[in-house]
Amino acid sequence: MASCAVDGGCASDYIAIAISAVCFILLLLRLILPFAIHKIPLPKRSSFWIPVIQIFASFNLLLSIVMSVNFLKFEKRHWWQSCYAWAVWIEAPLGFGLLLSCRISQAFQLYYIFVKRCLPPIRSYIFLPLILLPWIAGAALMHVKKPLNDRCHMGTQWIIPVVSLHAIYVAILVGFTGAIRHIEFRFDELRDLWQGILVSASSIGVWVAAYILNEIHDDISWLQVVSRFALLVTASILVLSFFSISSSQPLLSQISLRKREPLAFETMGQALGIPNSGLLLPREPAPVIDPNEPLDKLLMNKRFRQSFMSFADSCLAGESVHFYEEVHELGKIPVDDPVRRIYMARHIIDKYITAGATMEVNISHRSRQAILTTSNLAQPNLFNDALNELIQLMKMVG
């Protein structure tokens, strides 16, 4: 026991590594399977890269613990095996710190959209590096001061600031989560969010306790073995439960994004309402469309709107009509239901208004900035100016 406690390679060490490997495989499956099995389209921007960064941070955290706490019996002969490479840089800024920062970034976005009712003042790709700076500064300080011994353990005077940094970020995450507690989430997502936070906080508590014991009692062999086992196993549970927290944008139970009716028919019979049996089914009479009506009035007719959308798509100008269609759907949401309006407005902004969006519409800089800098995403006339500009553009296309 005494030998493997110092050099690594105890039976409990290999068990902990096996548990860690299983948890990380489950973590990868949770990321990949929804896209592989259910054919869910890949999300855009931060909705995609933040979860990917979480996986990267989780891997760094688990691997750094294995490499720095003597789980495996090997001699540290190379610079990349250094305690400062694994226990300082990879475990802190690129591991635990990055993991917490990703979650805080997601909670920050939800807070501004659904509590402040406006777009976040800072983009995720800027906000995430900013909140990671204290971890980088702490790692740089430790690298300069060199407090670690040959077993990657630090002195007692370093324990308090290191643990405090961990606790501050957990408190920030809990604070943002508490601020959005009143939002109605689909499939009890808020309840799942809090359950994940509770499991994660408990894991972090055990993890910190094991971390402290492992650092300050390196002279007690059995305690070293037990504490590093708990350290890796709780970290494995932490990364799995942390990723499993419902972190997507809240999908309200009353709302589902509009399912477009097909604009094309495989046969003429389908277009006329005649099934394969050949029996003509009664259909509601099609509303009479007066082509002399103004375009903005014609667009209120769903059949005309879909036909015009098909035509505009063929002219490579379909995004304007799609935008009109989605804003029309937004107008059906009652004004006294601001959360649903906020969710739909955010969806429209991400899809049509943000620079570089998948279906970015051609509107003036003034209208675009008015939407992006609005203080209230739930206001009824948020997209009016943009619609007026696009209607003029559609008249030119028509």
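Predicted, not measured: the structure shown is a model, and the values here were computed from it.
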Using the rule that Ile, Leu, Val, Met, Phe, Trp and Tyr join whenever any side-chain heavy atoms are under 4.5 Å apart, tell me whether [X] and [Y] fall into a single cluster.
| X | Y | result |
| --- | --- | --- |
| V206 | L165 | no |
| V163 | Y169 | yes |
| F56 | V66 | yes |

**OP:** Evaluate the criterion side chain to side chain contact (heavy atoms under 4.5 Å, CB included) for residue pair I55 and F24; output intermediate values, then yes/no.
**Re:** CA-CA 9 Å; I55 298 290; F24 189 74; 4.1 Å; yes
Subject >> L133 vs L130, side chain to side chain contact (heavy atoms under 4.5 Å, CB included): CA-CA, chis, key distance, verdict >> reply: CA-CA 5 Å; L133 283 178; L130 284 179; 4.1 Å; yes
Under 4.5 Å between any side-chain heavy atoms of [X] and [Y], yes or no?
| X | Y | result |
| --- | --- | --- |
| W158 | L148 | no |
| C102 | L128 | yes |
| R341 | L377 | no |
| S58 | L99 | yes |
| Q106 | Q54 | yes |
| H153 | Q224 | yes |
| L26 | V22 | yes |
| M67 | E91 | no |

Which one of [options] satisfies the side-chain contact (heavy atoms from CB on, under 4.5 Å) criterion with [X]?
| X | options | result |
| --- | --- | --- |
| L119 | T354, I349, I353 | I349 |
| L29 | L33, I32, L31 | L33 |
| L62 | L238, V239, I17 | V239 |

Does [X] use its side chain to pair, donor to acceptor, with the backbone of [Y] at less than 3.5 Å?
| X | Y | value |
| --- | --- | --- |
| N149 | C152 | yes |
| S367 | I363 | no |
| R368 | V361 | yes |
| E360 | G356 | yes |
| Q392 | E389 | no |
| T234 | A230 | yes |
| N214 | A210 | no |
| T374 | I371 | no |
| N60 | L94 | yes |

Let me confirm one number: the [atom1]-[atom2] distance from [X] to [Y], rounded to the nearest 0.5 Å.
| X | Y | atom1 | atom2 | result |
| --- | --- | --- | --- | --- |
| W222 | S12 | CH2 | OG | 12.5 Å |
| K145 | Q157 | NZ | CD | 11.0 Å |
| S105 | L100 | OG | CG | 12.0 Å |
| L141 | K146 | CG | NZ | 12.0 Å |
| I131 | L98 | CD1 | CG | 9.0 Å |
| M344 | L382 | CE | CG | 12.5 Å |

Original post:
Does the ring centre of H166 sit less than 6.0 Å away from the ring centre of W135?
Top reply: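 Ring centres of H166 and W135 closer than 6.0 Å.
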Subject >> Verdict with supporting geometry, Y352 and F383, ring pair (Phe, Tyr, Trp, His ring centres under 6.0 Å) >> reply: CA-CA 11 Å; Y352 298 99; F383 299 105; 9.0 Å; no
Non-hydrogen atoms of [X] and [Y] that approach each other most closely:
| X | Y | answer |
| --- | --- | --- |
| C4 | R228 | O-NH2, 2.7 Å |
| F323 | L390 | CD2-CD1, 3.2 Å |
| A139 | V88 | O-CG1, 3.5 Å |
| L213 | S227 | CB-CB, 4.3 Å |
| N376 | C118 | N-CB, 4.5 Å |
| I348 | E326 | CD1-O, 3.7 Å |

Subject >> Other ILVMFWY residues reachable from F229 by side-chain steps of under 4.5 Å >> reply: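 Members other than F229 - counting any ILVMFWY side chain reachable under 4.5 Å - are I15, I19, V233, I237.
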Original post:
Honestly, is K116 close enough over Y111, meaning NZ or CZ under 6.0 Å from the six-membered ring centre and within 45° of the axis?
Top reply: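 Cation-pi check for K116 and Y111: fails.
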Subject >> Crowding at OH, Y14 (>12 non-hydrogen neighbours, <6.0 Å) >> reply: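 It does: Y14 OH has more than 12 such atoms within range.
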**OP:** Check the surroundings of atom CZ in F59: do more than 12 heavy atoms from other residues, nucleotides or ligands lie under 6.0 Å from it?
**Re:**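 At most 12 heavy atoms, drawn from other residues, nucleotides or ligands, come within 6.0 Å of this atom.
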Original post:
Does E319 pair with K351 as a salt bridge, N-O distance under 4.0 Å?
Top reply: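 Salt bridge: no.
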